[in-house]
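Chain letters run A, B, ... following the sequence lines, proteins first and then strands; every chain starts at 1.
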Amino acid sequence: NAGVTQTPKFQVLKTGQSMTLQCAQDMNHNSMYWYRQDPGMGLRLIYYSASEGTTDKGEVPNGYNVSRLNKREFSLRLESAAPSQTSVYFCASSYRGDRGLHSNQPQHFGDGTRLSIL
Amino acid sequence: RKEVEQDPGPFNVPEGATVAFNCTYSNSASQSFFWYRQDCRKEPKLLMSVYSSGNEDGRFTAQLNRASQYISLLIRDSKLSDSATYLCVVFMEYGNKLVFGAGTILRVKS
């Protein structure tokens, strides 16, 4: 009963390094999301994927890229990490709702990746 | 004005107390609402969905006031284990997106 699994749980990078955050879900959900959460702010959507083969920008996509590898997996890549990208990153998934591309169904979250960029 | 606004708190209440949080939203066409609970350094977890005028689940009651564009969460008989941050989430028809509030901190003390 894994739900949404994220790796790694913690990571420290130097400015300019690259890395990929991995996310997998086993709930047969169509839609997957990447968020970042910073102190005093709500979760902000980076990218989402309404279904396998499609990805779309969210509120704060700059500096990130994503890949929807298959229905289960959705990865987030930082090509050249910057200190402003220090944050907690959450992956989430949901059933596709009845309101177009972005789901109005509740989302289920992974336990997060704490990323620090020095 | 933020699309979803919550009083950040913290709300400090004794065990057994009743506490209520409000959440206001800007898009009057919004149809779907959720309350999530987030423990310190953990992921958000769905507490309840609110699709019509309200919802009740044990000690937790969510109410929706469309005219005033707010939803509330009422917690009765507070437990120590209720201490957490409560996130209000609204599906915005305009923009077709889920928007998360910054959360309200609840601390229940013995």
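Contact annotation for A/Arg114: only side-chain heavy atoms (C-beta onward) come within less than 4.5 Å of a heavy atom of chain B. At a 4.5 Å heavy-atom cutoff, the contact between A/Phe109 and chain B is made by backbone and side-chain atoms alike. In this structure, chain B has a heavy atom under 4.5 Å from the side chain of A/Gln37, while its backbone stays farther away.
Rounded to the nearest 0.5 angstrom, B/Leu98 CG and A/Leu45 CG are separated by 8.5 Å.
Note on A/Tyr47 and A/Val60: same hydrophobic cluster, where clusters join Ile, Leu, Val, Met, Phe, Trp and Tyr whose side-chain heavy atoms are under 4.5 Å apart, directly or indirectly. Under the 4.5 Å side-chain heavy-atom criterion for Ile, Leu, Val, Met, Phe, Trp and Tyr, A/Phe90 and A/Trp34 are members of distinct hydrophobic clusters. Linking Ile, Leu, Val, Met, Phe, Trp and Tyr residues whenever their side-chain heavy atoms come within less than 4.5 Å places A/Tyr64 and A/Phe74 in a single cluster. A chain of hydrophobic side-chain contacts below 4.5 Å, direct or via other Ile, Leu, Val, Met, Phe, Trp or Tyr residues, connects B/Ile71 to B/Val19. Clustering ILVMFWY residues whenever any of their side-chain heavy atoms sit less than 4.5 angstrom apart, transitively, puts A/Ile117 in a cluster other than the one holding A/Phe10.
Judged by distance alone, with hydrogens and angles left aside, the side-chain atoms of B/Tyr36 form a donor-acceptor pair with the main-chain N or O of A/Gln107 at under 3.5 Å.
Here disulfide bond (SG atoms under 2.5 Å apart) pairs that include residues 57-92 of chain B, with residues two or more places apart or in two chains, are B/Cys23-B/Cys88. Listed by first and then second residue, the ring pair (Phe, Tyr, Trp, His ring centres under 6.0 Å) pairs involving residues 60-87 of chain B are B/Phe21-B/Tyr86 (not counting sequence neighbours).
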Return all side-chain donor-acceptor pairs below 3.5 angstrom for residues 13-25 of chain A, not counting sequence neighbours, or 'none' if the list is empty.
residue, atom, partner, partner atom, Å
A/Thr15, OG1, A/Leu118, O, 2.6
A/Gln17, OE1, A/Lys14, N, 2.7
A/Ser18, OG, A/Arg77, NH2, 3.1
A/Thr20, OG1, A/Arg77, NH1, 2.9
A/Gln25, OE1, A/Met27, N, 3.0
A/Gln25, OE1, A/Asn28, N, 3.2
A/Gln25, OE1, A/His29, N, 3.2
A/Gln25, NE2, A/His29, O, 3.0
A/Gln25, NE2, A/Lys71, O, 3.0

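Between chain A and the residues B/Gly101, B/Gly103, B/Pro8, B/Ala102, the largest count of heavy-atom pairs under 4.5 Å involves B/Ala102.
Contacts between residues 37-49 of chain B and chain A, defined by a heavy-atom separation under 4.5 Å, are made by B/Gln38, B/Arg41, B/Lys42, B/Glu43, B/Pro44, B/Leu46, B/Ser49.
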